[in-house]
Amino acid sequence: MNLLQEMQEIRVRFAPSPTGYLHIGSARTALFNWLYARHLNGKLILRIEDTDLERSKKEFLEEILDSLKWLGLNWDGEPILQSARLDIYRKSAKQLLDKGLAYEAQGEIRDKEGNIIKNSKRITQKAIIFKVPQKIITINDLVHGKIEIDSSTIKDQVMIKSDGFPTYNFACVIDDTDMGITHVIRGDDHISNTPKQLLFYEAFGFKAPEFGHVPLILGKDRSRMSKRHGATSIREYKQAGYLPEALVNFISLLGWAPGNDREIMSVTDIIKEFDIKNVKSVNAVFDTDKLNWMNSEYIKALDVNTLTPLIKEFLDKEDLEGLDELNLKKIVKLFTIRIKTLGEFKQEAGYFLKDKLEYDAGQLLKLAQRPAIKENLIKFRDTLSGLNEFTILNTEEALRNLAKELNISAGELIHPSRFILTGKTVGPGIFDVFELLGKDRVLKRFDRALEKI
RNA sequence: GUCCCCAUCGUCUAGAGGCCUAGGACAAGAGCUUUUCAAGCUCUCGACAGGGGUUCAAAUCCCCUUGGGGACGCCA
C-alpha cells in the first residue's frame, strides 16, 4: 500500500460509553458506521468512552461488545479505552493553556439539582477551560448539508474536569485525530457538539474529519426512544427471540433505503447498496409491528434443521424431556409459519412439550353444554384407541367416518378435539396434532378431559 | 427561553422540476382457501402540513407560518 492510498483509507469509529446496555439507537449508529466502512473497504474502530467514573461499569462494556458481536458488527483491532489515555488528554489541554487559548478555574462540583457537593474528594485540581472564540462555524454535513452556528451561543468549554478526566467533546477530538478517523458518523443529537469540537480542531490546527449526523430513532409518540416505549436494548431483542439478521435488516431501513423498493435484504446486499448520501435527515419511528413481520419472514426462510437448534435455546431442559430430535423438528416445522419470534414457540407449542394442560373453565363449560358432546367424544376416543397406525391420514379417515356415522359435521369432532388436546381453540391442523402427539398422549388427554365434561 | 435539525399514507419509505390522477412495504379492512388460527393469494382504504413566491411546469427550488424533534452539564 502506498502512502496516498494509506492517507485515503476510510476510518470510522463507534464510540459507546459503558453506562448502559447497547441501545437500539446506538446500535443503528454502529451499524451505519460498520456499513460505511465495509462498503468502502475501510476500518471500523471501537472506542470506549469511559470517562464518567461514576456511571461506567465493566458489565455494561461486556454487554455492549456481546451485542455488537451478536449483530455481526465486527470491528478492526482492539477496543481503545479512553481511561487509558488520560495523560494524552492532559498534555493536549496543557498545550492550549500554554497558547493562551484556555484558562484554569476552580469551581464547585454540583449535582443534577444544582446543589454543591461539599466534601467531594474528586476536586483535586483546577479544571481547564477552553475560551470559545467569536465566529461563525460551518459544518458541511454528509447528510444535512451546510449547517452554520454562531459561536456566541456557545459558552466556554471545559476540557479537563476537576477530577482530571477529560470531557466528552475534548477527548473526542484528541482521539479522533490520534486514531486517524476520517468520517464521524453519529446521531443527530450530536449536531450541537460538532461546532464545539470544530473549535478544538481549529485551536490545535488539526484537520477535522467529515461529519455525518444520522436521524434519531423515535418511539411511537415521536419522542426519543426510551424504556417507556418498550424494549430499547439489543439484548432484550435477542432474549425475545429476534434473529440478528432480521434486526440488522430492519434498523438499516430506519433512515435509509436503497431506493428500489427492496426491503428484505441480506447483509451482503445492504453493504453493497449502502451509501451515506441516501441517509435521510428525518427522524424515524420504530415500528415493532414491522419488525415482527420482518422477523417472521426471516424465520420462515430458515429450514427446519437450522431453526430447531435456534429454538432449542429458548426451551428449558424439562421442555425437551421425552422429546426426540425428529419429533421436535416436526413440531418446529408446524410452527415455523406461526411464530414471529423464537421465544413465541414455547408459548405457542407448549402443549407438545408438557402434558399438564390448564383448561379455561369457561371454555370447558361451553364445550360440556353442547348436545350429545360427551357420548360423541367417547365414541371418537374409542375409535382412536382402535387405530393401529396413528398417522395424519388414519386419524383423519377415522374422524370423518365417525362424523358421517353420527350424522354430524367433522367440525363437531375437530374443534372439541383441539380443545381437549391443546387447551386452545386455535392452532395447527388437528390431524398433525394427532400424529405428533401420538396415540398414548392423545388418549390420556381425552380420558382426563372427559372426566371434566 | 436560546440555538440547531426536520416535514410524502397511522408507520417505514420511493420520489434529485415534467415519467406522479404520487409507487412499494408494515398495519388496518374485505374476499378466496379452509376443521380453527396462522400462512398464502387477490382486492380496498390511505399522504405531498398551510400560505406565498420562482418557473411554461413544483411533492421536488426559495421565503414565511404552523407542527414535530434535538441540544443547551466539570454526562457521554
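Bear in mind the structure is a predicted one, so any value in this text is a computation, not a measurement. Convention: sequence-line order gives letters A, B, ...; per-chain numbering from 1.
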inquiry  = Tell me whether A:Lys379 is salt-bridged to A:Glu405, with the criterion being a basic N under 4.0 Å from an acidic carboxylate O.
reply    = no

task = Would you please confirm or rule out a distance under 4.0 Å between OP1 or OP2 of B:G73 and any side-chain N or O of A:Lys155?
result = yes

query = Rounded to the nearest Å, what distance is computed from the CD atom of residue A:Glu273 to the P atom of nucleotide B:U13?
reply = 17 Å

message = Applying a 4.0 Å non-hydrogen cut-off, can you work out what A:Asn193 is touching in the nucleic acid: base, sugar-phosphate, or nothing?
response = base

query = Between A:Thr51 and B:A76, is there a side-chain N or O to OP1/OP2 distance below 4.0 Å?
reply = yes

Sugar-phosphate only, base, or nothing, as touched by A:Arg224 at under 4.0 Å among non-hydrogen atoms = sugar-phosphate

ask   = Starting at the 5' end of RNA chain B, which residue's closest nucleotide do you reach first, A:Phe250 or A:Asp50?
value = A:Phe250

request  = Between A:Ala410 and A:Gly145, name the one whose nearest nucleotide on RNA chain B is closer to the 5' end.
outcome  = A:Gly145

task = Under the side-chain hydrogen bond (donor to acceptor under 3.5 Å, both in side chains) rule, collect the residues that match up with A:Glu348, sequence neighbours excluded.
result = none

task = Provide, to the nearest angstrom, the distance between the NZ atom belonging to A:Lys280 and the C1' atom belonging to B:G69.
result = 15 Å

Any N/O donor-acceptor pair, A:Thr153 side-chain to B:C3 base, under 3.5 Å = no

ask   = Among B:C6, B:U35, B:G70, which nucleotide sits nearest the side chain of A:Val282?
value = B:C6

request  = For A:Lys196 and B:G73, give me the distance from atom NZ to atom C1', rounded to whole Å.
outcome  = 9 Å

query = Rounding to a whole Å, what distance do you find between A:Leu218:CG and B:C5:C1'?
reply = 12 Å

task = Please check if the side chain of A:Ser281 supplies one atom and the backbone of A:Val143 the other of a donor-acceptor pair under 3.5 Å.
result = no

ask   = Can you find an N or O donor on one side and an acceptor on the other, under 3.5 Å apart, linking the side chain of A:Asp188 with the base of B:G70?
value = no

ask   = Relative to the ring of A:Phe274, is the ring of A:Trp256 parallel (under 30°), tilted (30 to 60°) or perpendicular (over 60°)?
value = tilted

ask   = Is A:Arg186 near enough to B:A76 that one of its side-chain N or O atoms lies under 4.0 angstrom from OP1 or OP2?
value = no

query = How would you label the contact of A:Thr336 with the nucleic acid (heavy atoms, under 4.0 Å): base, sugar-phosphate, or nothing?
reply = nothing

ask   = Can a side chain N or O of A:His213 be found less than 4.0 Å away from OP1 or OP2 on B:C5?
value = no

inquiry  = Can you classify the ring geometry of A:Phe431 versus A:Phe434 as parallel (below 30°), tilted (30 to 60°) or perpendicular (above 60°)?
reply    = tilted

request  = With heavy atoms under 4.0 Å as the rule, sort A:Arg222 into base, sugar-phosphate or nothing.
outcome  = sugar-phosphate

inquiry  = Measuring only the P atom in each nucleotide, how far is B:G18 from B:C26? A whole number of Å is fine.
reply    = 29 Å

